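Comments concern the structure below.
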Amino acid sequence: MEHRPWFKHYDKGVPHSLAPYPEHPLHTFLENSARDFPNHTAVLFKGHRVTYRELNEATDRLAAALAALGVKKGDRVVIFMPNSAQFVISYYAILKAGGIVVATNPLYSPREMEHQFNDCGAEIALVMSNFYHRVKEVQPKTPLKRLIVTNIKEYLPPVLRLLFTLAKEKKDGHRVELRDGDLWFQDLLRQYTPDQRPQLAIGPDDIALFQYSGGTTGLSKAAVIPHRALVANTLQIKAWLVDNQPGKEVYLAAIPLFHVYGMVAVMSICIALAGALVMVPNPRDIADLLDNINKYHPTIFMGVPTLFNAINNHPDVQAGKVNLRSIRACISGSAPLLLETKKRFEALTGGKLAEGYGLSEAPTATHCNPMYGLNKEGSIGLPFPDVDCKIVSLDDGVTELGVGEIGELVLTGPQLMRGYWQMPTETANALREGWLYTGDIARMDEDGYFYIVDRKKELIKASGFQVWPREIEEVLATHPKVQEVGVAGIPDPYRGETVKAWIVLKPGETATPEEIREWCQNKLAKYKIPTHIEFRSELPKTMVGKVLRRVLVEEEKKLAAERPPTAG
């Protein structure tokens, strides 16, 4: 690998390799930080601080409780809660008990919840109280035997806790009565002591995580992730952020921690650095997010383009009411980062915002633009230390393509998953001779920078031509009136498939389909220009801000089926 072109563009201080990687489980990072920085703040939530000593002891107590409830090495345990101190405690307690974390999106529908609970076979779930009744509804159809329930107010400071109890707890569904032998989180922490934690031999090859894909292509499947992979990726990201300082960083936890991006690039690396995690339970609440920035002055902020864009355009930011100057380094993932968004955010913060790339099967990041070196517009950047990549032919999946040629991105490295849970065919398709086939179509330039063209499964075939939705989205997103856009192929009786764009305009703007198409005239080939354009007030997205093209297509097909047949 020493001759790979990307190495010459690494920031000074980023090594080509981090091998040998430590042979310890992921929770060792927490134990080390609690030993070296016991009184430093680990978690900050609305003014309430949890130190590293307190966090480590709470995870030991909960690990003891889980073991007493029958959790054995290799058992799956569900976490069903938003960003909170309780999420962090639950996550590391499960690992210390030898369990496997199954972190589930609390906004999932009953069907999605039922699928994941049955697929992983978990018998215990740790649940935020406002989701308790939703989980109880699906519990009879799943292996779940017991819920451990926590209330968001448990880690609020005293005055806020009282106000929450009086004004919000009952009204917003947080006050619940437990049934069927379910248990309170805080009762378990009081009942057990740290020295009752089970003493297990947990090694780097033991499984730490079932990370379910976001379900953007149908029912989600679980990537089986060993401790080794999470440790490696934590250290890779830590190395990429060359000037991070142990015990001094403040991480803004605005990306959901149940998503592997937030879990590794925010929570795991922050804890490895003994930094402070500033909890933002709802990233769509931009006012709360900005309030946290103003109060706690984060230094590191991992996010997505929609989040950075929302901050750039927020009235309080534009009016100079928010101090963003503490933010030193940011990585943007999950969707293309427009140059305008990057430049505006860097001007507001004085920090660096670099686009990166990752996926659940290599949790979480494999590429990133240099924090201080050359950032190329539209590029996901360079492979991390110890990550090797190539572009292979879409025809045979084997032939390696040259510079500038478009094919499937395949990669290998120390952070790869073991496979998909109970899906041998899908595992064999994704993992071949040590290489992960990402399903993303990409190219590499002469400097070793990679560019995602689109998802292999979302290719539009219009009249025999190959059309990549992402290319069209990038053109439409540069229109001065366009705030957000999604593009996908919809059925067409003449062309087989045709291009449709769903557009959200900026506040106060109006536009016509003809105006949008005219914008595309000199920027796209004729067959790529959207045949259909629909203006909407919002687009369906994942919790990390990725537009759900699949949902847009499903909605379109449903509407088409309901339309009366045309006279003919």
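These figures come from a predicted structure and were not determined experimentally.
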Sequence neighbours excluded and cut-off under 3.5 Å, please list the side-chain donor-acceptor pairs for residues 500-510, or say none.
{"unit_1": "K500", "atom_1": "NZ", "unit_2": "E534", "atom_2": "OE1", "d": "2.7"}
{"unit_1": "K500", "atom_1": "NZ", "unit_2": "E556", "atom_2": "OE1", "d": "2.6"}
{"unit_1": "W502", "atom_1": "NE1", "unit_2": "E534", "atom_2": "OE1", "d": "3.3"}
{"unit_1": "K506", "atom_1": "NZ", "unit_2": "P480", "atom_2": "O", "d": "3.2"}

Tell me if a side-chain donor or acceptor on [X] pairs with a main-chain N or O of [Y] at a distance below 3.5 Å.
X: N313; Y: N309; value: yes
X: D440; Y: I452; value: no
X: E458; Y: A488; value: no
X: N105; Y: P256; value: no
X: N375; Y: P370; value: yes
X: T364; Y: A265; value: no
X: S326; Y: T299; value: no
X: D11; Y: G373; value: yes
X: R517; Y: T531; value: yes
X: E473; Y: V487; value: yes

Over 12 foreign heavy atoms within 6.0 Å of [atom1], [X]:
X: K238; atom1: NZ; answer: no
X: E514; atom1: CD; answer: yes
X: K557; atom1: NZ; answer: no

With K528 as partner, the option from V467, I460, V499, V475 fulfilling side chain to side chain contact (heavy atoms under 4.5 Å, CB included) is V467
Side-chain touch [X]/[Y], heavy atoms, less than 4.5 angstrom:
X: V482; Y: W519; result: no
X: Q415; Y: V387; result: yes
X: L353; Y: F301; result: no
X: Q186; Y: Y155; result: yes
X: V547; Y: L552; result: yes
X: L257; Y: Y91; result: no
X: Y451; Y: K376; result: yes
X: Y212; Y: T104; result: no

Going by an N to O cut-off under 4.0 Å, is there a salt bridge joining [X] and [Y]?
X: E346; Y: K342; value: yes
X: R549; Y: D454; value: yes
X: R49; Y: E54; value: no
X: D291; Y: K46; value: no
X: K558; Y: E554; value: no

(message) Please verify the inter-ring angle class for F384 with W240; under 30° counts as parallel, over 60° as perpendicular, anything in between as tilted.
(response) tilted
Side chain to side chain donor-acceptor pair (under 3.5 Å) pairs touching residues 264-282, sequence neighbours excluded, are T234-S268
Separation of [Y] [atom2] from [X] [atom1] (nearest 0.5 Å):
X: M267; Y: I255; atom1: CE; atom2: CD1; result: 13.5 Å
X: I148; Y: S90; atom1: CD1; atom2: OG; result: 8.0 Å
X: N130; Y: T150; atom1: CG; atom2: OG1; result: 10.0 Å
X: M81; Y: I152; atom1: CE; atom2: CD1; result: 9.0 Å
X: N369; Y: L374; atom1: CG; atom2: CG; result: 7.5 Å
X: I100; Y: I94; atom1: CD1; atom2: CD1; result: 10.5 Å

Closest non-hydrogen contact found for M302 with L241 is CE-CD1, 3.9 Å
Here the pair of heavy atoms bringing A254 nearest to L307 is CB-CD2, 4.1 Å
Contacts of E518 that satisfy salt bridge (Lys or Arg N to Asp or Glu O under 4.0 Å) - sequence neighbours left out:
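With neighbours one apart ignored, the set is empty.
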Polar side chain donor-acceptor pair, E484 to T306, under 3.5 angstrom | no
| field | Donor + acceptor pair across side chains of E154, N151 (<3.5 Å) | value |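 No, no side-chain donor-acceptor contact under 3.5 Å.
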Lys/Arg cation over aromatic F164: K153, 6.0 Å, 45° cone
no
Checking F258, Y108, F131, F87 against F80 for ring pair (Phe, Tyr, Trp, His ring centres under 6.0 Å), the one that qualifies is F131
